[in-house]
Amino acid sequence: MSVILTFHGHATFSLNLNGTYVVVDPFLAPNNPMAQKTAADIPAHYILQTHGHVDHIADTAPLATRTGALVIANFEIANWLGGKGVSHIHAQHLGGGYHHPIGYVKMTPALHGSGLPDGSYGGMPGGFLLHVQEKVIYFSGDTAVFSDMKLIGDVGIDLAVLPIGDNFTMGPDDALLAVKFLRPKVVVPCHYNTWPPIRQDAQAWAARVRAETETMPVVLAAEESYTF
Ligand code: NI
Ligand code: MN
(Lines give C-alpha, C1' and ligand atoms only; values in the text may rest on other atoms or scores of the structure.)
(Ligands and ions follow the chains in the order given, each with its own letter.)
Protein backbone atom coordinates (compact mmCIF):
# COMPACT_ATOMS: atom_id res chain seq x y z
CA MET A 1 0.00 0.00 0.00
CA SER A 2 1.45 3.34 -0.99
CA VAL A 3 1.04 6.76 0.52
CA ILE A 4 0.72 9.92 -1.58
CA LEU A 5 2.13 13.06 0.06
CA THR A 6 1.01 16.36 -1.48
CA PHE A 7 2.56 19.72 -0.59
CA HIS A 8 0.18 22.69 -0.47
CA GLY A 9 2.86 25.31 0.20
CA HIS A 10 4.63 26.58 3.36
CA ALA A 11 4.06 23.77 5.91
CA THR A 12 0.71 22.37 4.77
CA PHE A 13 0.56 18.82 3.46
CA SER A 14 -2.00 16.16 2.62
CA LEU A 15 -1.49 12.43 2.92
CA ASN A 16 -3.70 10.25 0.76
CA LEU A 17 -4.05 6.88 2.48
CA ASN A 18 -6.05 4.86 -0.05
CA GLY A 19 -8.63 7.63 -0.30
CA THR A 20 -8.52 8.72 3.34
CA TYR A 21 -7.05 12.21 3.45
CA VAL A 22 -4.95 13.50 6.34
CA VAL A 23 -4.18 17.23 6.21
CA VAL A 24 -1.34 18.63 8.31
CA ASP A 25 -1.46 22.29 9.49
CA PRO A 26 -4.11 23.77 7.17
CA PHE A 27 -2.85 27.13 5.87
CA LEU A 28 -4.28 27.60 2.41
CA ALA A 29 -5.03 30.29 -0.19
CA PRO A 30 -5.59 33.16 0.09
CA ASN A 31 -4.01 33.25 3.57
CA ASN A 32 -0.98 31.22 2.42
CA PRO A 33 0.87 33.09 -0.35
CA MET A 34 2.44 29.82 -1.58
CA ALA A 35 -0.84 27.89 -1.82
CA GLN A 36 -3.00 27.32 -4.87
CA LYS A 37 -5.85 25.50 -3.10
CA THR A 38 -8.31 26.91 -0.57
CA ALA A 39 -10.08 25.31 2.38
CA ALA A 40 -13.04 24.83 0.01
CA ASP A 41 -10.95 22.77 -2.41
CA ILE A 42 -9.19 19.96 -0.59
CA PRO A 43 -10.59 16.78 0.96
CA ALA A 44 -9.94 16.01 4.64
CA HIS A 45 -10.91 13.14 6.91
CA TYR A 46 -8.27 13.92 9.55
CA ILE A 47 -6.47 17.17 10.37
CA LEU A 48 -3.23 17.11 12.36
CA GLN A 49 -2.40 20.38 14.12
CA THR A 50 1.22 20.75 15.25
CA HIS A 51 0.82 24.11 17.00
CA GLY A 52 -1.28 27.25 17.19
CA HIS A 53 0.55 29.76 15.01
CA VAL A 54 -1.55 31.38 12.32
CA ASP A 55 0.61 30.05 9.46
CA HIS A 56 -0.50 26.54 10.53
CA ILE A 57 -4.04 27.00 11.83
CA ALA A 58 -5.60 29.78 9.72
CA ASP A 59 -7.74 27.32 7.72
CA THR A 60 -8.22 24.55 10.28
CA ALA A 61 -11.71 25.55 11.45
CA PRO A 62 -13.05 26.27 7.92
CA LEU A 63 -11.66 22.98 6.59
CA ALA A 64 -12.84 20.97 9.59
CA THR A 65 -16.35 22.41 9.60
CA ARG A 66 -16.74 21.96 5.81
CA THR A 67 -15.47 18.37 5.74
CA GLY A 68 -16.32 17.09 9.22
CA ALA A 69 -12.70 15.92 9.56
CA LEU A 70 -11.43 14.77 12.94
CA VAL A 71 -8.91 17.31 14.24
CA ILE A 72 -6.04 15.89 16.29
CA ALA A 73 -4.30 18.57 18.34
CA ASN A 74 -2.91 19.20 21.78
CA PHE A 75 -5.43 19.68 24.58
CA GLU A 76 -5.27 23.49 24.63
CA ILE A 77 -5.70 23.88 20.86
CA ALA A 78 -8.43 21.22 20.86
CA ASN A 79 -10.39 23.28 23.40
CA TRP A 80 -9.82 26.49 21.42
CA LEU A 81 -11.03 24.88 18.18
CA GLY A 82 -14.12 23.66 20.04
CA GLY A 83 -14.95 27.33 20.59
CA LYS A 84 -14.55 27.99 16.86
CA GLY A 85 -17.31 25.59 15.85
CA VAL A 86 -15.16 22.48 15.34
CA SER A 87 -17.07 19.55 16.81
CA HIS A 88 -15.00 16.51 15.81
CA ILE A 89 -11.83 16.77 17.90
CA HIS A 90 -9.39 14.36 19.51
CA ALA A 91 -7.01 15.88 22.06
CA GLN A 92 -3.59 14.32 22.61
CA HIS A 93 -0.36 15.67 23.98
CA LEU A 94 3.40 15.40 23.69
CA GLY A 95 4.67 11.85 23.99
CA GLY A 96 1.15 10.46 23.73
CA GLY A 97 0.02 8.22 20.92
CA TYR A 98 -3.39 6.82 20.06
CA HIS A 99 -4.59 4.08 17.73
CA HIS A 100 -6.87 5.95 15.34
CA PRO A 101 -8.55 4.09 12.45
CA ILE A 102 -5.75 5.32 10.12
CA GLY A 103 -3.00 4.03 12.40
CA TYR A 104 -0.98 5.02 15.45
CA VAL A 105 -0.58 8.79 15.74
CA LYS A 106 1.90 10.04 18.30
CA MET A 107 2.63 13.64 19.24
CA THR A 108 6.33 14.47 19.52
CA PRO A 109 8.01 17.46 21.17
CA ALA A 110 9.09 20.59 19.31
CA LEU A 111 11.13 23.58 20.40
CA HIS A 112 8.98 26.50 19.33
CA GLY A 113 5.92 28.54 20.43
CA SER A 114 2.23 27.76 20.09
CA GLY A 115 0.27 30.96 20.81
CA LEU A 116 -3.07 31.06 19.04
CA PRO A 117 -4.03 33.85 16.58
CA ASP A 118 -6.28 35.64 19.12
CA GLY A 119 -3.62 35.53 21.83
CA SER A 120 -5.03 32.46 23.60
CA TYR A 121 -2.61 30.00 25.15
CA GLY A 122 -1.94 27.16 22.71
CA GLY A 123 -0.06 24.77 24.98
CA MET A 124 3.24 23.26 23.88
CA PRO A 125 4.11 22.96 20.18
CA GLY A 126 4.61 19.50 18.76
CA GLY A 127 5.16 17.28 15.79
CA PHE A 128 3.58 14.01 14.66
CA LEU A 129 4.98 10.54 14.23
CA LEU A 130 2.57 8.43 12.21
CA HIS A 131 2.47 4.68 11.73
CA VAL A 132 0.13 4.40 8.76
CA GLN A 133 -0.10 1.75 6.03
CA GLU A 134 3.13 0.10 7.20
CA LYS A 135 4.98 3.41 6.78
CA VAL A 136 6.49 5.64 9.44
CA ILE A 137 6.09 9.33 8.69
CA TYR A 138 7.44 12.19 10.81
CA PHE A 139 6.30 15.80 10.68
CA SER A 140 8.62 17.69 13.01
CA GLY A 141 6.44 20.81 13.03
CA ASP A 142 8.12 24.16 13.50
CA THR A 143 11.13 23.47 15.67
CA ALA A 144 14.76 24.01 16.41
CA VAL A 145 16.96 20.96 15.98
CA PHE A 146 17.19 18.85 19.15
CA SER A 147 19.32 15.80 19.90
CA ASP A 148 16.31 13.67 20.93
CA MET A 149 15.61 13.48 17.19
CA LYS A 150 18.10 10.59 17.39
CA LEU A 151 15.56 8.71 19.55
CA ILE A 152 12.72 9.53 17.18
CA GLY A 153 14.92 8.27 14.33
CA ASP A 154 15.52 4.96 16.11
CA VAL A 155 11.92 4.03 15.23
CA GLY A 156 12.96 3.84 11.55
CA ILE A 157 11.42 6.67 9.55
CA ASP A 158 10.34 6.24 5.95
CA LEU A 159 9.69 9.92 5.29
CA ALA A 160 10.36 13.04 7.36
CA VAL A 161 9.07 16.56 6.71
CA LEU A 162 11.35 19.23 8.15
CA PRO A 163 11.44 23.04 8.10
CA ILE A 164 14.54 24.58 6.54
CA GLY A 165 13.61 28.26 6.42
CA ASP A 166 15.71 29.55 9.33
CA ASN A 167 14.62 32.64 11.31
CA PHE A 168 11.47 31.02 12.84
CA THR A 169 12.67 27.38 12.75
CA MET A 170 15.83 25.45 12.07
CA GLY A 171 17.65 26.61 8.97
CA PRO A 172 19.55 24.61 6.37
CA ASP A 173 22.56 23.74 8.57
CA ASP A 174 20.47 22.57 11.51
CA ALA A 175 17.97 20.79 9.26
CA LEU A 176 20.90 18.86 7.77
CA LEU A 177 21.93 17.92 11.30
CA ALA A 178 18.32 16.86 11.95
CA VAL A 179 18.47 14.55 8.92
CA LYS A 180 21.62 12.97 10.38
CA PHE A 181 19.83 12.47 13.73
CA LEU A 182 16.58 11.16 12.20
CA ARG A 183 18.06 9.01 9.38
CA PRO A 184 14.84 8.92 7.32
CA LYS A 185 14.76 7.19 3.96
CA VAL A 186 13.30 10.36 2.41
CA VAL A 187 13.22 13.97 3.60
CA VAL A 188 10.91 16.71 2.33
CA PRO A 189 11.78 20.32 3.21
CA CYS A 190 9.13 22.90 4.07
CA HIS A 191 8.60 26.27 5.78
CA TYR A 192 10.79 28.26 3.37
CA ASN A 193 10.33 30.97 0.69
CA THR A 194 6.88 31.97 1.98
CA TRP A 195 8.20 35.36 3.10
CA PRO A 196 11.59 37.11 2.72
CA PRO A 197 12.96 36.20 6.19
CA ILE A 198 12.72 32.47 5.37
CA ARG A 199 14.03 32.56 1.79
CA GLN A 200 16.22 29.49 1.12
CA ASP A 201 17.59 27.49 -1.80
CA ALA A 202 15.95 24.10 -1.28
CA GLN A 203 17.80 22.48 -4.19
CA ALA A 204 21.15 23.53 -2.69
CA TRP A 205 20.05 22.03 0.64
CA ALA A 206 18.95 18.85 -1.13
CA ALA A 207 22.40 18.57 -2.72
CA ARG A 208 24.00 18.74 0.73
CA VAL A 209 21.62 16.03 2.00
CA ARG A 210 22.60 13.80 -0.93
CA ALA A 211 26.31 14.47 -0.40
CA GLU A 212 26.41 13.99 3.38
CA THR A 213 23.69 11.44 4.23
CA GLU A 214 22.02 8.26 2.94
CA THR A 215 18.68 10.08 2.88
CA MET A 216 16.96 10.95 -0.39
CA PRO A 217 15.74 14.58 -0.46
CA VAL A 218 12.53 15.34 -2.33
CA VAL A 219 11.78 19.01 -3.02
CA LEU A 220 8.13 19.59 -3.84
CA ALA A 221 6.51 22.65 -5.43
CA ALA A 222 2.98 23.57 -4.37
CA GLU A 223 0.50 20.87 -5.38
CA GLU A 224 3.28 18.46 -6.30
CA SER A 225 3.04 14.95 -4.84
CA TYR A 226 5.41 12.19 -3.89
CA THR A 227 4.30 8.56 -3.68
CA PHE A 228 6.09 6.10 -1.43
NI1 NI B 1 5.16 28.40 14.21
MN1 MN C 1 5.32 28.38 11.15
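In listed order, ligands and their atoms are each counted from 1.
Ring geometry, His99 versus Tyr104: the interplanar angle falls from 30° to 60°, so the pair is classed tilted. In this structure, His53 and His51 have perpendicular ring planes: the angle between them is above 60°, well past the 30° mark.
Per residue Asp142, closest N, O or S atom to the Mn ion (ligand 2): atom name OD2. Minimum-distance N/O/S atom of His56 relative to the Mn ion (ligand 2): NE2. The minimum distance between the Mn ion (ligand 2) and any N, O or S atom of Asp55 involves atom OD2. Of all N/O/S atoms in His53, ND1 sits nearest the Ni ion (ligand 1). The atom name of the N/O/S atom in His51 closest to the Ni ion (ligand 1) is NE2. The closest approach of Asp142 to the Ni ion (ligand 1), by N/O/S atoms, is made by OD2.
With no hydrogens or angles considered, no side-chain donor-acceptor pair links His8 and Asn32 at under 3.5 Å. No donor-acceptor contact under 3.5 angstrom links the side chains of His45 and Thr20, judged on distance only.
The Mn ion (ligand 2) has an N, O or S atom of His191 under 2.8 Å away, backbone or side chain.
Ring centers of His191 and His56: under 6.0 Å apart, within the cut-off.
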#### Entry: Arg199/Asp166 under salt bridge (Lys or Arg N to Asp or Glu O under 4.0 Å): CA gap, chis, key distance, verdict
CA-CA 8 Å; Arg199 196 154 283 155; Asp166 221 347; over 6 Å; no
